[in-house]
Each structure stands twice: as structure tokens, then as C-alpha cells.
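These numbers come from a predicted model, not from an experiment. Naming: A, B, ... by sequence-line order, numbering from 1 per chain. Just so you know, these numbers use all the heavy atoms, side chains as well, and skip hydrogens, waters and symmetry mates.
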2 protein chains.
Amino acid sequence: MMKISKKTQYGLRAMICIAREYGAKTPITVKSISEKEAIPFDFLEKIVSRLEKASLVKGRKGVQGGYMLSRPPAKISAKNIVSALEENDAPVNCRLCGRKSVCSSKNVWKKIENSLNSTLNSITLQSLLK
Amino acid sequence: MMKISKKTQYGLRAMICIAREYGAKTPITVKSISEKEAIPFDFLEKIVSRLEKASLVKGRKGVQGGYMLSRPPAKISAKNIVSALEENDAPVNCRLCGRKSVCSSKNVWKKIENSLNSTLNSITLQSLLK
DNA sequence: TGAAAACCGACTAATATAGTCGGTTTTTAT
DNA sequence: ATAAAAACCGACTATATTAGTCGGTTTTCA
């Protein structure tokens, strides 16, 4: 249940790759990540570009270009990554339920959302490098 | 992200309806649940039949038939309900990853799964009736 | 100046979800 | 007995989401 999309799985793995190079002079290319991680290049490009829009990585164009973290790995959480890649970040959007008052179940989904967020917030990229 | 399916949302609401009648002599019909909760009848029938296969409810055919809980609401958890309705109950199935050893991210998804399960296990139907 | 990279948007394919339909079986009230 | 009301069942369709592709433009560096 509640499948994590490939997009998000790939995105996290890509972030870990990029994080490994934190501090290096030259950025890492999408091509190299896609080879290392066996992720389709074109798809990965799109994913990384969303991570950039969320200011988690910075891109540099041209030869010797690529991507690097925009801040230290300790300052990037799994929640940051997941939020960057998924649009509706709540498991259940209660506005869509239509029967707000009747929906006795909404507390369940709210609890799940909270526990999910607190788990994701507690994990940093830093902690994943070890 | 990680959307809860309508199937599961409907299923939980149906279980709450059925639980409200716990102790009554006559069971509650799918028709009546579908009207109360504004859930498509045919779809709901399928959902409830899965809840029955998971032994969460018992059906009685014929006139005056319907469904009732198969055990007290305190003995049924949100996890029981969700598991009955979703096939792959883990957010990420690591066997599908294909690069087990390389998958540095699997601990993240495992943590999510654990926190999710412990949240769902901690919620009983009983607690939702109040 | 040419190659290598990011960057961009539109498209397609595959899969999963949501919902429908037409029936059969069982039970009960009349 | 029988008719109605319900569960029960499997196959089907429609819609939405996810995953992946493609063709191009722009920027940078050697």
C-alpha cells in the first residue's frame, strides 16, 4: 500500500550520489548517476531538474558541468527530497472527501501523515552517507 | 505523496459504519452504508467482500441480511483494515529494486514502513467510534 | 568552434485505480 | 411455494497516474 513512486526512489538515490561528491571541485553529471544507479537517463534528467527547482541542488551547464548539492548534506532531509518530487504531499486530501463532517476517518489519515512527516524530517542526507 | 486509495478510504468508513451497529441483532446492508457514506454501491460491495475474506466482517445472505463485525471493535485495528484492502503492503518492495546492495536508500523506506505500521496498529475501530 | 553538458516541454506507453455490469445463490417474510 | 432482498462473484471498461521517451535549445569550456 501507499507505494513510493519510482520518481521518488530514483530521486533519493540520485541525491545520495550527489551528496557523496559534496566538497569536490567538479559537479557530477546526470549521465554518470544514471549509469551508476541504472536509472533511465531522460527520466532522471527530469527528476534532477525538479530537485534543482526546489533548491536542493545547483546545476552548471556546459563541459565539466553537472550538479552539486546547494547546501551541506546535514541540512537536507528526506522530507525535503520527497516534497520536491511529489505534488500532493498528503496521503489524503480532505478537501476532496466532500463529506468533511461525516468523515470520521480523517483522524487516521492525519495521524499517518504526521508520523510520516516526522520520520522523513528526522532523516538527513548526511546520515545516509554512512 | 503516497496517496491512500479510495478503496481503502471507503473501506475504513464502511468499517466504522458497521462497527457502530456492533451488538445490534440485525446486520447492516451494503446499500445502507453506500447511501449514508455516498459511496458507489457496486464498488463498495467489492470492498466489503474483501473485508469479509480477511475475516473482519461476517456476511449474512437473504432478506434481513447484511454485514456485522466478526469480533469486537477493540480487536480490529486500522492496520487490519488497510492490509485487507491493499495487496502490496510495503511502500517499497526491495526485491523489485534489482540493485539490492547498491540501494543505500532502502533504510529510509524501511523506516517509513515501520512508522506507518506502528501508527496503524495503534488505532482501533473502538477508538474511532468516539 | 565544437563537444558536452544542463535545460525544457510535449508526447507516448504502461500500469493501477475506480467504477460498472450481469449474473448466481441464499435466506426470509408472506 | 414463492417472491423479494440481500450477499456473493468474476469479467469488463473507463479514467488517472506513473514511467519513460523524444527532439530540441542554451550554456560553458577546452
Side-chain angles (χ1 to χ4, degrees), chain A residues 1-11 13-14 18 21 25-35 37-68 70 82 85-88 91-93 96-98, chain B residues 1-11 13-14 18 25-35 37-68 70 82 85-89 91-93 96-98:
Chain A
M1 60 142 244
M2 302 228 310
K3 283 275 256 320
I4 302 278
S5 66
K6 285 263 188 281
K7 185 167 62 176
T8 298
Q9 292 182 50
Y10 291 163
R13 281 160 61 195
I18 299 169
E21 307 291 312
K25 280 163 205 154
T26 54
I28 184 172
T29 67
V30 170
K31 182 154 175 283
S32 126
I33 300 171
S34 100
E35 282 163 2
E37 293 291 325
I39 297 169
F41 174 83
D42 291 310
F43 193 25
L44 184 57
E45 238 186 359
K46 260 186 16 183
I47 292 168
V48 175
S49 111
R50 298 191 63 156
L51 294 169
E52 174 166 51
K53 289 210 180 77
S55 303
L56 301 181
V57 297
K58 266 183 306 205
R60 203 165 76 197
K61 285 184 175 180
V63 176
Q64 309 267 24
Y67 288 94
M68 46 192 5
S70 62
V82 168
L85 296 173
E86 310 270 344
E87 6 268 84
N88 2 346
V92 168
N93 189 336
L96 296 175
C97 150
Chain B
M1 57 142 244
M2 303 230 310
K3 285 274 257 318
I4 301 278
S5 65
K6 286 262 187 283
K7 185 168 61 177
T8 298
Q9 292 182 51
Y10 291 163
R13 280 160 61 196
I18 298 169
K25 279 162 206 155
T26 53
I28 184 171
T29 67
V30 170
K31 180 152 176 283
S32 126
I33 300 171
S34 101
E35 281 162 2
E37 293 291 325
I39 296 169
F41 175 83
D42 291 309
F43 194 25
L44 185 57
E45 238 187 359
K46 259 184 18 179
I47 292 167
V48 175
S49 113
R50 298 192 63 156
L51 294 169
E52 173 165 52
K53 288 209 180 76
S55 304
L56 301 181
V57 297
K58 266 184 304 206
R60 201 164 77 197
K61 285 183 175 180
V63 175
Q64 308 268 26
Y67 288 95
M68 44 193 5
S70 62
V82 168
L85 297 172
E86 311 270 345
E87 4 269 85
N88 1 346
D89 49 339
V92 168
N93 188 336
L96 296 176
C97 151

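Annotation: of the two residues near DNA chain D, A:Gly62 and A:Lys7, the 5′-most nearest-nucleotide partner is A:Lys7.
Distance CZ (B:Arg50) to C1' (C:dG19): 15 Å, rounded to an integer number of Å. Rounded to whole Å, the distance from OH on A:Tyr10 to C1' on D:dT21 is 14 Å. Here the P atom of nucleotide D:dT15 and the CZ atom of B:Phe43 are 15 Å apart, to the nearest Å. In this entry the distance linking CG of A:Leu51 with P of C:dA6 reads 13 Å, nearest Å. At whole-Å resolution of the value, CD1 in B:Ile47 and C1' in C:dT17 are 11 Å apart. With rounding to whole Å, A:Lys25 atom NZ is found 20 Å from D:dT28 atom C1'. Remark: P of C:dT20 and NZ of B:Lys6 are 13 Å apart, rounded to the nearest angstrom. If you measure from atom CD of A:Gln9 to atom P of D:dA19, you get 8 Å, rounded to the nearest angstrom.
The minimum heavy-atom distance between A:Thr26 and A:Gln64, with the atom names listed, is CG2-OE1, 4.2 Å. Nearest heavy-atom pair across A:Gln9 and A:Ile4 is NE2-O, 3.1 Å.
In this structure, the side chain of A:Arg13 engages the main chain of A:Glu37 through a donor-acceptor pair within 3.5 Å. A side-chain donor-acceptor contact under 3.5 Å links B:Ser70 to the backbone of B:Leu56. With A:Glu21 contributing its side chain and A:Ile28 its backbone, the two residues share no donor-acceptor pair below 3.5 Å.
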Pick out the pairs of N or O atoms, protein on one side and nucleotides 8-10 of chain D on the other, that lie under 3.5 Å.
unit_1, atom_1, unit_2, atom_2, d
D:dC8, OP1, B:Glu52, OE1, 3.1
D:dC8, OP1, B:Glu52, OE2, 3.3
D:dC8, OP2, B:Glu52, OE1, 2.4
D:dC8, OP2, B:Tyr67, OH, 2.3
D:dC8, N4, B:Glu45, OE1, 3.2
D:dC8, N4, B:Glu45, OE2, 3.0

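Minimum atom distance to the side chain of B:Pro40 is reached by C:dT20, of the listed C:dA29, C:dT20, D:dA7.
Around NZ of A:Lys7, the count of heavy atoms belonging to other residues, nucleotides or ligands within 6.0 Å exceeds 12.
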